[in-house]
Amino acid sequence: MKEFSTTTAGTNTGTAAITHGLNSSKIIGVQALVEYSTGSFVPVAYTYSPELNFNYLITASDIIIVNNASTCAGTSICDKPVKVVVTYKE
């Protein structure tokens, strides 16, 4: 298991890349949480509030956090801390 952290993109459709340093074919799971407000987190594909929606994709070298937020105004996931846990086979 590996743990990473970064900041989401500052735009509602932006991306943020995390270099994972793994053979991507050995990745068996990814969990990601964005801290949209101090001590408050949302998971991937949270749809209850459209300004808090994000997703991710895995490439050969990176995990890319993709903002799907409707806006960056008010409470949103834009420019917020994100923590990611990757489970992989040795």
Side-chain angles (χ1 to χ4, degrees):
M1 205 162 48
K2 282 183 109 171
E3 185 177 328
F4 302 94
S5 61
T6 192
T7 302
T8 60
T11 61
N12 63 319
T13 58
T15 62
I18 301 168
T19 302
H20 54 66
L22 300 167
N23 178 334
S24 60
S25 68
K26 295 193 179 246
I27 295 174
I28 57 175
V30 175
Q31 295 175 306
L33 295 171
V34 172
E35 186 174 16
Y36 68 94
S37 182
T38 304
S40 298
F41 298 85
V42 289
V44 169
Y46 182 79
T47 58
Y48 182 73
S49 297
E51 68 276 7
L52 299 177
N53 188 275
F54 75 101
N55 218 320
Y56 68 85
L57 60 101
I58 302 166
T59 69
S61 59
D62 299 311
I63 295 169
I64 301 173
I65 305 298
V66 181
N67 288 2
N68 295 324
S70 60
T71 179
C72 281
T75 302
S76 76
I77 58 157
C78 302
D79 200 30
K80 301 292 173 133
V82 58
K83 51 189 178 179
V84 177
V85 174
V86 178
T87 305
Y88 63 97
K89 295 187 283 188
E90 297 274 346

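- Residue C72 comes nearest to S76 through the heavy atom pair O-OG, 3.4 Å, listed as atom of the first residue, atom of the second, then distance.
- Contact check for I77 versus N53: no side-chain heavy atoms found under the 4.5 Å cut-off.
- Checked by atom type and distance alone, the side chain of N55 never pairs as donor or acceptor with a backbone atom of V66 at under 3.5 Å.
- One hydrophobic cluster, built from ILVMFWY side chains closer than 4.5 Å, cannot hold both V30 and I64; they sit in different ones.
- Considering only heavy atoms from C-beta on, T7 stays 4.5 Å or farther from P81 through its side chain.
- The backbone N or O of I28 lies less than 3.5 Å from no partner atom in the side chain of K89, so there is not a single donor-acceptor pair.
- The shortest side-chain heavy-atom distance between I65 and V84 falls under the 4.5 Å cut-off.
- Contact annotation: the side chain of L52 never approaches that of V34 to less than 4.5 Å [non-hydrogen atoms, C-beta and beyond].
- By the 4.5 Å heavy-atom criterion applied to side chains, N67 and C78 are counted as neighbours.
- With sequence neighbours excluded, the residues satisfying side chain to side chain donor-acceptor pair (under 3.5 Å) with S25 are N23.
- V44 and L33 are not part of a single hydrophobic cluster, where members link through side-chain heavy atoms under 4.5 Å apart.
- Looking at every heavy atom in both residues, H20 comes nearest to K2 through O-NZ, 3.1 Å.
- T19 pairs by the side chain to side chain donor-acceptor pair (under 3.5 Å) definition with D62, not counting sequence neighbours.
- In this structure, the side chains of T8 and F54 stay at 4.5 Å or more apart for every pair of heavy atoms.
- Relative to the six-membered ring of F41, K83 meets both conditions, a distance below 6.0 Å and an angle of at most 45° to the axis.
- Using a distance-only test at 3.5 Å, with no hydrogens or angles considered, a donor-acceptor pair links the side chain of T11 to the main chain of G14.
- One finds the CD1 atom of I63 at 7.5 Å from the CG atom of L22 (value rounded to the nearest 0.5 Å).
- A donor-acceptor pair is defined here as one N or O able to donate and one able to accept, closer than 3.5 Å; such a pair exists between the side chain of K80 and the backbone of Y36.
- Here the shortest heavy-atom pairing between Y46 and V42 reads CD2-CG1, 3.9 Å.
- Of all heavy-atom pairs between K26 and E90, the closest is NZ-O, 3.7 Å.
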